[in-house]
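Below, each value reflects all heavy atoms present in this structure, side chains not excepted, and no hydrogens, waters or symmetry copies.
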Amino acid sequence: MAEIPTAGQMLWKLEDNERALHLRHSAAEPWRPYEEFPQYFLPDPPGFSKGITTFLALLKKDWTAVKS
């Protein structure tokens, strides 16, 4: 994982009845699926929400989780 900025935001959205992580660096940017951020992307264990491993790693870097 590349060096992670500490000002990002995270949001869980439903995609095909599954929760998937979306990210953005600032409130002025649109939400994008976490897979579009290869610098942060971490593989998930089977059976977990799409992006859970990335979510936990970014949470430790002080990213903010936003309610949907």
Side-chain angles (χ1 to χ4, degrees):
M1 182 181 292
E3 186 165 329
I4 300 172
T6 58
Q9 296 180 324
M10 305 180 286
L11 175 77
W12 291 100
K13 289 185 173 184
L14 278 179
E15 287 184 351
D16 300 325
N17 292 325
E18 288 189 41
R19 292 180 348 145
L21 183 65
H22 286 68
L23 307 174
R24 65 183 180 186
H25 291 116
S26 73
E29 296 178 1
W31 291 106
R32 297 174 21 211
Y34 78 107
E35 296 99 329
E36 292 184 17
F37 295 85
Q39 67 272 41
Y40 311 138
F41 178 88
L42 293 171
D44 297 309
F48 285 83
S49 297
K50 289 174 57 178
I52 189 65
T53 305
T54 301
F55 174 83
L56 294 173
L58 294 177
L59 199 59
K60 289 179 184 176
K61 296 292 184 178
D62 295 327
W63 278 50
T64 302
V66 176
K67 281 189 168 187
S68 55

* To do: Evaluate the side-chain proximity of W63 to L23: yes if any heavy-atom separation is below 4.5 Å, no if none is.
  =>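 Heavy-atom side-chain distance check passes, below 4.5 Å.
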
* Do P43 and T53 come within less than 4.5 Å of each other through their side chains, counting heavy atoms only? ->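 With C-beta onward as the side chain, the pair stays apart.
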
Within one Ile-Leu-Val-Met-Phe-Trp-Tyr cluster: [X] and [Y], side-chain cutoff 4.5 Å:
X	Y	answer
I52	L59	yes
L11	F48	no
Y40	L56	yes
W31	L58	no

* To do: Report the residues that fulfil side chain to side chain contact (heavy atoms under 4.5 Å, CB included) with D62, sequence neighbours left out, ordered by chain and then residue number.
  =>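 Checked D62 against side chain to side chain contact (heavy atoms under 4.5 Å, CB included); zero matches.
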
* Asked: Can you list the residues that meet the side chain to side chain contact (heavy atoms under 4.5 Å, CB included) rule with P46, with sequence neighbours excluded?
  ->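 P46: no side chain to side chain contact (heavy atoms under 4.5 Å, CB included) contacts found.
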
* Asked: Which pair of heavy atoms, one from G51 and one from W12, lies closest together, and at what distance?
  ->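 For G51 and W12, the tightest heavy-atom pair comes out as C-CH2, 3.8 Å.
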
* Which pairs count as salt bridge (Lys or Arg N to Asp or Glu O under 4.0 Å) when at least one residue sits in residues 12-24, sequence neighbours excluded? ->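 Those involving residues 12-24 are E15-K50.
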
* Can you tell me how far CE of M10 sits from OG1 of T64, rounded to the nearest 0.5 angstrom? ->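 It comes to 7.0 Å.
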
* Between Y34 and F41, what is the ring plane arrangement, given parallel below 30°, perpendicular above 60°, and tilted in between? ->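 Plane angle under 30°, so parallel.
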
